[in-house]
Amino acid sequence: MAGEAGRPEAGRTKVEELRIRQQRAAARKRNLIATLAVASAFALVVGALLVVDRLGSDEGKPTVLAGESRFVRADSHRLQTAADGKVTLVEFLDFECESCRAAFPIVEQLRKEYAGKVTFVARYFPIPSHFNAERAARAVEAASRQGKFEAMYQRMYETQTQWGEKRVAADKTFRGFAVDLKLDMAAWDKAYNDPATLARIKKDVADGQALGVQGTPTFFLNGKKLEPSSVNDFKAAIDAALAA
């Protein structure tokens, strides 16, 4: 009798164990599905971030063509060129920047001492907080269309104290420089106001930003950022590059 009474209880126990196993299996399945869903979502997020990063890294940056680099473009302004092309000093500059004006005579001195040995390249990088910096760059670029880049480039530094650090547009002043240089004023005016001139300047700025330029003047010697504190620092770096 006792055995017979125990059979129903044993049956219920087996049914209960089966139910528990089924519940556990279902829970494991739900957990697996949830884990896969989270993993998939994570992969999608990572993929999206990578796409955004790739897009962001190229957005607004001009294409680098064959034979060019972000340091020197085909249309970059070369103050002078070394025939062997072994050493190139690139400066990202702002004509309203006082530090750039202080560096200007040093660069001129180096140009004389390393004439024929070093290529000197000037790139525009007007700082937004300098009210007339972009205008000055436009004036220089407009003059370059008539072969007078260097003349206007020098004029900007020589006169910076007259128009720099002011909140008054210096358009008339810059036009006066163009008159003094005996430029074709109709052509200069057109170039000064041409959106393509500003685009040309912004291309330099975009390259500078891609290279990590944050202020001016910023120098690169054969593609390496140079942070000299004296003329001798410049010379030592240039001499080492020439000897390499």
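Here the options are Gln154, Met152, Lys148, the test is side chain to side chain contact (heavy atoms under 4.5 Å, CB included), and the partner is Val140; only Met152 passes. Between Asp189 and the choices Arg138, Arg145, Arg175, the salt bridge (charged side-chain N to carboxylate O under 4.0 Å, His left out) rule is met once, by Arg175. Applying the ring pair (Phe, Tyr, Trp, His ring centres under 6.0 Å) test between Phe174 and each of Trp188, Trp163, Phe95 identifies Trp163 as the sole match.
Looking at Arg78, its side chain does come within 3.5 Å of a backbone N or O of Ser76 through a donor-acceptor pair. Using modelled atom types, no side-chain atom of Ser144 and backbone atom of Gly147 make a donor-acceptor pair closer than 3.5 Å.
Within a 6.0 Å radius of NZ in Lys117, no more than 12 heavy atoms belonging to other residues, nucleotides or ligands are found. Within a 6.0 Å sphere centred on NZ of Lys166, other residues, nucleotides and ligands contribute more than 12 heavy atoms.
Ion pairing between a basic and an acidic side chain is recognised when a charged N comes within 4.0 Å of a carboxylate O; Arg135 and Glu96 show no such pairing. The residues Asp204 and Arg200 are annotated as salt-bridged, a charged nitrogen and a carboxylate oxygen being separated by less than 4.0 angstrom. Between Asp180 and Arg155 there is a salt bridge, since a side-chain N of the basic residue sits under 4.0 Å from a carboxylate O of the acidic one.
Interatomic distance, Glu150 CD to Leu79 CG, rounded to the nearest 0.5 Å: 5.5 Å.
Between the side chains of Glu113 and Gln109, at least one donor-acceptor pair of N or O atoms lies under 3.5 Å.
Cluster annotation: Phe104 is connected to Leu181 through the hydrophobic network of ILVMFWY side chains, with a link wherever side-chain heavy atoms come within less than 4.5 Å.
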| request: Just do the side chain to side chain contact (heavy atoms under 4.5 Å, CB included) check on Leu183 and Phe177 with the steps written out, would you? | output: CA-CA 9 Å; Leu183 300 181; Phe177 296 163; over 6 Å; no
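Ile238 is listed as a side-chain neighbour of Val118, based on a closest heavy-atom distance under 4.5 Å.
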Pairs of donor and acceptor atoms involving the side chains of residues 211-226, under 3.5 Å and at least two apart or interchain, shall be tabulated with distances.
residue: Thr218; atom: OG1; partner: Gly215; partner atom: O; Å: 2.6
residue: Asn222; atom: OD1; partner: Thr88; partner atom: N; Å: 2.8
residue: Asn222; atom: ND2; partner: Lys86; partner atom: O; Å: 3.2

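For residues 123-150, the pairs satisfying ring pair (Phe, Tyr, Trp, His ring centres under 6.0 Å) are His77-Tyr124, His77-Phe149, Phe149-Tyr153, with sequence neighbours left out.
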